[in-house]
Amino acid sequence: LQLVESGGGLVPPGGSLRLACTTSIFTSYDIGWFRQAPGKEREGVSCIKSTDSDTEYAASVKGRFTLSRDIEKNTVYLQMDNLKPEDTGVYYCAAVQSYGSNWYIPDVWDFWGQGTQVTVSS
């Protein structure tokens, strides 16, 4: 299983970015997004079920980030609005056959992409 992230970049505070995660067997796996800031541990941002597109969000991004999926393109999109400097970090896409209530723990996920840098700065 390969996961490829794209869409990172530099954006001022209050701006928006859309990250994409494309995978080869999208329909069989749940997809999650994590981020890691310098000197900090990797943290769960959001995830989406392959079965019913149910989603979860970290409290810090709820209301600002939106996760969606395009089945035909085997791609999951993370729309990030009203970005803040504390959203800065490397964003990783991850996959697992089925996540549970502990989705925000990195060890739960089996496959990872290479990451894409998001920098929020004026």
Side-chain angles (χ1 to χ4, degrees):
L1 172 61
Q2 285 189 324
L3 302 169
V4 179
E5 303 100 333
S6 61
L10 172 65
V11 63
S16 297
L17 280 175
R18 188 178 76 160
L19 305 184
C21 173
T22 302
T23 178
S24 54
I25 50 173
F26 171 78
T27 56
S28 302
Y29 283 75
D30 296 347
I31 302 296
W33 282 95
F34 287 73
R35 66 187 181 190
Q36 189 165 18
K40 294 189 177 181
E41 293 187 353
R42 193 169 297 189
E43 63 173 352
V45 174
S46 182
C47 56
I48 188 167
K49 283 285 188 181
S50 63
T51 50
D52 57 8
S53 295
D54 189 28
T55 54
E56 299 283 352
Y57 296 94
S60 59
V61 307
K62 207 165 190 177
R64 300 188 297 120
F65 290 12
T66 304
L67 199 57
S68 62
R69 52 189 285 180
D70 186 329
I71 295 175
E72 290 187 0
K73 294 183 178 180
N74 282 357
T75 300
V76 170
Y77 298 102
L78 181 65
Q79 177 66 41
M80 306 187 296
D81 297 319
N82 190 21
L83 282 161
K84 304 176 181 181
E86 51 264 41
D87 294 318
T88 294
V90 179
Y91 281 68
Y92 297 90
C93 176
V96 69
Q97 286 197 317
S98 181
Y99 67 79
S101 59
N102 59 350
W103 66 269
Y104 52 91
I105 299 174
D107 286 347
V108 167
W109 300 79
D110 294 326
F111 302 97
W112 292 86
Q114 81 287 351
T116 185
Q117 177 70 44
V118 171
T119 303
V120 184
S121 175
S122 54

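Hydrogens, waters and symmetry mates play no part in the numbers below; they use all other heavy atoms, side chains included.
- A cation-pi contact links R42 to W112, judged by a cut-off of 6.0 Å to the six-membered ring centre and 45° from its axis.
- Side-chain contact between L83 and F65: present, with at least one pair of heavy atoms (C-beta onward) separated by less than 4.5 Å.
- Summarising the geometry, atom OG belonging to S16 is positioned 8.0 Å from atom CG belonging to N82; distances are rounded to the nearest 0.5 Å.
- Without hydrogens or angle criteria, E5 side chain to Q114 main chain gives a donor-acceptor distance under 3.5 Å.
- Looking at R35 and L78, their side chains never come closer than 4.5 Å, going by heavy atoms from C-beta outward.
- Counting heavy atoms from C-beta outward, V76 and C93 have side chains that stay 4.5 Å or more apart.
- Side-chain atoms of C47 and W33, non-hydrogen and from C-beta on, never get closer than 4.5 Å to each other.
- Side-chain contact between Y57 and T66 is present, with heavy atoms from C-beta onward closer than 4.5 Å.
- One hydrophobic cluster, built from ILVMFWY side chains closer than 4.5 Å, holds both V61 and V11.
- In this structure, the separation between CG on L67 and CD1 on I48 is 4.5 Å, given to the nearest 0.5 Å.
- Residues L3 and Y92 are not in side-chain contact: their nearest non-hydrogen atoms beyond the backbone lie 4.5 Å or more apart.
- When atom types are taken as modelled, the side chain of R69 and the backbone of S50 share a donor-acceptor pair closer than 3.5 angstrom.
- A donor-acceptor contact closer than 3.5 angstrom links the side chains of T22 and T75.
- Crowding of Q117 atom CD: a count of heavy atoms from other residues, nucleotides or ligands under 6.0 Å exceeding 12.
- Atoms OG1 and OH, on T23 and Y29 in that order, are 8.5 Å from each other to the nearest 0.5 Å.
- Side-chain contact between M80 and V45 is absent, with no heavy-atom pair separated by less than 4.5 Å.
- V90 and V118 are not part of a single hydrophobic cluster, where members link through side-chain heavy atoms under 4.5 Å apart.
- Contact of the S122 side chain with the P13 side chain is registered, since non-hydrogen atoms from C-beta on lie closer than 4.5 Å.
- In this structure, E86 places its CD atom where more than 12 heavy-atom neighbours from other residues, nucleotides or ligands lie under 6.0 Å away.
- A side-chain donor-acceptor contact under 3.5 Å links W109 to the backbone of W103.
- Proximity of a side-chain donor or acceptor of N102 to a complementary backbone N or O of I105 within less than 3.5 Å is not detected.
- K49 and S98 are linked by a side-chain donor-acceptor pair at a separation below 3.5 angstrom, with hydrogens and angles left out of the test.
- Counting all heavy atoms, side chain and backbone alike, I31 lies closest to C21 at CG2-SG, 4.2 Å.
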